[in-house]
*Asks:* 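Input: one structure, supplied below.
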Amino acid sequence: MTNTDSRQPLMRISHLTKEFKLKSKRFGQKPQILHALSDVSLDVYEGETLGIIGESGCGKSTLGRTIIQLHKATSGTVEYQSKNIFDLKGAELKNIKKDIQMVFQDPFSSLDPRNTCEDIIAEPIKVHNIISDPKKRQERVLSLMREVGLDVQHMNRYPHEFSGGQRQRINVARALALNPKIIVCDEPVSALDVSIQAQVLNLFNRLQKQHNLTYIFISHDLGVIKHISDRIAIMYLGRVVELCEAGQIYANPLHPYTRALLSAIPPESPFEKKERIVLKGEIPSPIGEQIGCPLAGRCPNCMERCTREIPTLRDVGDGHQVACFLHHND
Amino acid sequence: MSESLLTVNGLKTYFYTASGVSRAVDGVSFTLEAGEVMGIVGESGSGKSVTSNSIIRLLPPAGKIVAGEVKFEGRDILAMSKKELQEFRGSDIATIFQDPMTSLDPVFKIGKQMVEMICAHQKISKEDAKKLAISALERVGIPEPAKRMESYPYELSGGMCQRVIIAMAVCCKPKFILADEPTTALDVTVQAQVLDLLKDLQREMNTSILLITHNLGVVWEMCDKVMVMYAGNTVESADTKELYANPLHPYTWGLLDSIPKLSDENKSELQTIPGTPPDLRLTGKCCNFYNRCPYMTEACCQSVPPLVEVEPGHFVACHRQNGVNKLVRNEARGEVSCHD
């Protein structure tokens, strides 16, 4: 991890918080607040894949969407090229948005059914007015299609004529159209079958090598995340609870939640017998005031302090960060 | 062999659509003994769910069972009248469907739905049915079961709803549970809880379970036997440990290789199966896997490979595994260019 410390982060997410106001049920009542993201700080380095994992409702998708400003952050900053992208406006913002693209989860609803494959991939090029000559633009689209492994003869087909895996390739081609630096991938393979998933994962790895891309890769599948990531952040109830190198998380998980999550993965062979760490109950509600460690009610190692204070993410050596009092020496 | 609990033999279910006949299930055979857990794995569109729906005859109007037999304790399910079926479903066979939120009726309280189900199959009073329902809810680990009886499905989380459905399934002490992707809609930690629960119940009541899933990890954990399906056919069927240690069909190899494993090296190239599954309207003339198979020969394009028992209990449907020169896994790795 020593090299990451000396490297300058490409993107610095600091204290990012997103709250959703829920309509009150009764007239005159104060609206309740849903804490989707609380105080998330992450550094993203150039050329790496930062995996983000967590169960449904932990805020991983909200994080991705807030970074590309589909949601307006309540507080906190995202620094890119030493500028806070939330402060930018107009041409400057448009310029930066070119560098940060997204691949969405559902390959069926993320493509406009009325546009052909060519229109879809060409759209960002038109919007940013990069290639104005239609002939040259088409050439660019064709080269992108070849790059992601689509048949160029299918250029005039509509999304419904493609399979799930092919649609996800169109999504990737669209994201690549602007030569981005960072691609936020929100569960890009979870809607695909395993054999197709493997094809798309290989595509992501190959493109990263070729274009020196940086991925923020969101998934709930630990196998996929382990396969693709350099570093992994584990989220629980809107907070990052552990952050470290991909190998470390499996070799040396520190946070009780990480351990429980790892023990819940089905075995890799029928001969493997796993000891399971069971967390009682279910994820608590993110609505209302948050007191204490989010895991306190379910944690097997819960201490008195955990119910009062929220542990912060702290480095416990070798860049392994964990938000748990068990590993904080104070 | 004495009578098996469930025997499916040469089952063919076709869907008659405007654009042609879709061979969703095209020759599936297996047997399930009492107390056994069997898994069916395959990708979407391989016919896993249609197989299970054919067993309980819950097919949409377009779907017809055109051939084969399904026998439950010697009784022919395909010949049952509507009334017999109604009695048979729910009491002898219970079903757990994939999506827990949509398999419960949203406008009725959970208690009411459970009591209705119990009274339909057992001749007991409503009061007793209610007690039975509460004890079943308690058994599946729902806190405050009496209070939960008064809840509507939307008030419960996905994992809780799935527990309610499991409770309903075990109320009538069925001999056989059909679980169609019971944990696909759930998170891993909740999935682990639900699988543990199913395993406990299975041991306690000696029920057989037919578990349909696309997640091989779930199969390794739960099942004694496993059947792999591809494009409507059984391609391989064996004991779980045997299938893992000694898989024979090229599709099974591809499936096992394409799963990202925790023990893999970071960012290593995954082995993939090139291409996509075939159109089910065009299958049935040859081996359905031939166009994606690296070991394909002339014979594969000419006839459908029969399901052959190559070792006791290990069935495989592949032309190249029947002959004298058996295939060796990874033999073709060198020659096949890997798509991504």
Side-chain angles (χ1 to χ4, degrees), chain A residues 49 54-58 148-149 163-166 189 192-209 220-230 245-247 250 257 260-274 276-279 281-283 298, chain B residues 42-46 143 157-160 183 186-193 195-196 213-224 226 239-245 251 254-277 292 338-340:
Chain A
T49 304
E55 296 181 274
S56 39
C58 73
V148 298
S163 68
Q166 284 175 315
V189 293
L192 308 175
D193 274 316
V194 275
S195 70
I196 310 297
Q197 171 180 298
Q199 295 174 5
V200 176
L201 284 177
N202 283 347
L203 172 70
F204 272 111
N205 272 339
R206 198 193 74 211
L207 291 174
Q208 178 164 46
K209 272 184 219 136
H220 66 270
D221 187 323
L222 287 131
V224 169
I225 279 282
K226 164 81 200 294
H227 185 83
I228 197 141
S229 307
D230 297 303
E245 273 184 52
Y250 296 88
Y257 178 69
L261 198 65
L262 288 173
S263 78
I265 312 172
E268 271 173 30
S269 85
F271 303 102
E272 185 184 328
K273 285 279 165 279
K274 270 198 168 177
R276 192 162 279 167
I277 304 162
V278 183
L279 290 178
E282 290 179 20
I283 304 174
R298 306 173 72 193
Chain B
E43 297 181 87
S44 33
S46 60
S157 66
M160 280 295 164
T183 56
L186 307 175
D187 279 316
V188 279
T189 53
V190 184
Q191 164 172 296
Q193 293 172 356
L195 291 180
D196 279 349
T213 179
H214 65 264
N215 187 341
L216 275 165
V218 172
V219 170
W220 305 144
E221 185 169 347
M222 297 285 294
C223 302
D224 306 316
V226 55
D239 192 79
T240 310
K241 286 178 179 161
E242 164 77 11
L243 187 94
Y244 180 81
Y251 175 67
L255 201 62
L256 290 170
D257 287 339
S258 56
I259 304 169
K261 289 169 203 69
L262 296 181
S263 44
D264 277 354
E265 190 151 328
N266 260 17
K267 301 201 170 185
S268 52
E269 186 92 348
L270 283 169
Q271 293 294 335
T272 63
I273 308 173
T276 46
R292 300 175 76 186
C338 261
H339 288 233
D340 46 45

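In what follows, chains are A, B, ... by sequence order, proteins preceding strands, each numbered from 1. These values consider heavy atoms only, across backbone and side chains, with no hydrogens, waters or symmetry-generated copies.
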*Asks:* May I ask you to name which of Ile277(A), Leu262(A), Asp221(A), Asp230(A) has the most heavy-atom pairs under 4.5 Å with chain B?
*Replies:* Asp230(A)
*Asks:* Please state whether the side chain, the backbone, both or neither of Ser263(A) comes within less than 4.5 Å of a heavy atom of chain B.
*Replies:* neither
*Asks:* Among Gly247(A), Gly223(A), Ser195(A), which residue has the highest count of heavy-atom pairs closer than 4.5 Å to chain B?
*Replies:* Ser195(A)
*Asks:* For the pair Thr272(B) (side chain) and Ala198(A) (backbone), establish whether a donor and an acceptor sit closer than 3.5 Å, ignoring hydrogens and angles.
*Replies:* no
*Asks:* Could you tell me whether a side-chain N or O of Asn215(B) sits under 3.5 Å from a main-chain N or O of Gly217(B), the two making a donor and an acceptor?
*Replies:* yes
*Asks:* side-chain contact (heavy atoms from CB on, under 4.5 Å), that's the test. Do Val226(B) and Glu242(B) meet it? Break it down for me.
*Replies:* CA-CA 10 Å; Val226(B) 55; Glu242(B) 164 77 11; over 6 Å; no
*Asks:* Write down the atom of Tyr244(B), the atom of Glu268(A), and the distance for their closest heavy-atom approach.
*Replies:* CE1-O, 3.4 Å
*Asks:* Can you tell which part of Gln166(A) gets under 4.5 Å to a heavy atom of chain B, answering side chain, backbone, both or neither?
*Replies:* neither
*Asks:* Answer with side chain, backbone, both or neither: which region of Leu261(A) has an atom nearer than 4.5 Å to a non-hydrogen atom of chain B?
*Replies:* both
*Asks:* Please check: side-chain N/O of Asn202(A) versus main-chain N/O of Leu270(B), any donor-acceptor pairing under 3.5 Å?
*Replies:* yes
*Asks:* Of all the heavy-atom pairs spanning Pro274(B) and Arg292(B), show the shortest one and how long it is.
*Replies:* O-NE, 2.8 Å
*Asks:* Looking at Glu272(A), His220(A), Arg276(A), Lys209(A), which makes the most heavy-atom pairs under 4.5 Å with chain B?
*Replies:* Arg276(A)
*Asks:* Identify the residue among Asp193(A), Val194(A), Ile196(A) that makes a side chain to side chain contact (heavy atoms under 4.5 Å, CB included) with Ser258(B).
*Replies:* Val194(A)
*Asks:* Relative to chain A, which segment of Met160(B) carries a heavy atom at a distance below 4.5 Å: side chain, backbone, both, or neither?
*Replies:* both
*Asks:* At a 4.5 Å cut-off on heavy atoms, which part of Ser163(A) comes close to chain B: side chain, backbone, both, or neither?
*Replies:* side chain
*Asks:* Can you tell which of Lys261(B), Gln191(B), Met222(B), His214(B) has the highest number of heavy-atom pairs within less than 4.5 Å of chain A?
*Replies:* Lys261(B)
